[in-house]
Amino acid sequence: MLDLHVMAEFSRTHCVSICAFLVPATLVATMATMIFTALRHPQARVWQAAGVAGFFAFIMILHVATWLSIGVVMAPTYILLGLASSCLLTNLVMIVLQRRLALNM
């Protein structure tokens, strides 16, 4: 069975390495979504890039939630939460924009 306490401890113990992977991965995947939308790639490719970026951003939100759950209220927690939230919002906007661009063709 999945033990959330063990997973949260793992997340907090390996915070630097998790963030060192998730921050660039989220930014690169979000940038890929933006580029695919700007270059008018097929809808499936935009959705795929947005899905990967959304997955990374959601994992980062869960990682930050483990810190907030134990009361760590510092600038990095809010910066990472803001980064993940803005990446999720950007990917959603890119999907909507791509649909509008496809309708205008």
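FYI, side chains are in, hydrogens and waters are out, and symmetry mates aren't considered; it's all heavy atoms of this structure. Since we're looking at a predicted model, the values are computed, not measured. For this chain, numbers begin at 1 and follow the sequence in order.
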Pair Val73-Tyr78, side-chain contact (heavy atoms from CB on, under 4.5 Å): steps then yes or no: CA-CA 8 Å; Val73 180; Tyr78 290 112; 3.4 Å; yes
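- Residues Leu81 and Val23 are members of one and the same hydrophobic cluster, defined by side-chain heavy-atom contacts under 4.5 angstrom among Ile, Leu, Val, Met, Phe, Trp and Tyr.
- Panel note: side chain Thr26, backbone Leu22; a donor-acceptor pair is recorded below 3.5 Å.
- Note on Leu83: it clusters hydrophobically with Ile61, by side-chain heavy-atom contacts below 4.5 Å among ILVMFWY residues.
- Atom CE of Met60 and atom CG of Leu80 lie 6.0 Å apart (nearest 0.5 Å).
- Transitive grouping of hydrophobic side chains (ILVMFWY, heavy atoms separated by less than 4.5 Å) keeps Val72 and Met7 in distinct clusters.
- What you find for Leu97 and Thr37 is that their closest heavy atoms are CD2-CG2, 4.1 Å.
- Rounded to the nearest 0.5 Å, atoms CG (Leu4) and OG1 (Thr66) are 11.0 Å apart.
- Ring geometry for Phe10 versus His14: interplanar angle of 30 to 60°, hence tilted.
- Under the 4.5 Å side-chain criterion, counting only non-hydrogen atoms from C-beta, Trp67 is not in contact with Pro76.
- Under a 3.5 Å cut-off, the side chain of Thr13 and the backbone N or O of Glu9 do form a donor-acceptor pair.
- Between Phe21 and Phe56, the ring planes lie perpendicular to each other; the angle is over 60°, past the 30° to 60° tilted range.
- For Gly54 against Leu88, the heavy-atom pair with the smallest separation is CA-CD2, 3.7 Å.
- When all heavy atoms are compared, the tightest approach of Ala50 to Asn91 is CA-OD1, 3.7 Å.
- Hydrophobic clustering keeps Trp47 apart from Ile35 (ILVMFWY residues linked when any side-chain heavy atoms are closer than 4.5 Å, directly or through intermediates).
- Residue Thr33 comes nearest to Ala53 through the heavy atom pair OG1-CB, 4.4 Å, listed as atom of the first residue, atom of the second, then distance.
- With rounding to the nearest 0.5 Å, the separation of SG in Cys87 from CG in Leu27 is 5.0 Å.
- Hydrophobic clustering keeps Ile79 apart from Ile59 (ILVMFWY residues linked when any side-chain heavy atoms are closer than 4.5 Å, directly or through intermediates).
- Put simply, CZ on Phe36 and CD on Gln48 are 8.0 Å apart, with the number rounded to the nearest 0.5 Å.
- To the nearest 0.5 Å, atoms CD (Gln98) and CG (Leu39) are separated by 12.0 Å.
- Within the model, atoms CE of Met94 and CG of Leu89 stand 9.5 Å from one another, a figure rounded to the nearest 0.5 Å.
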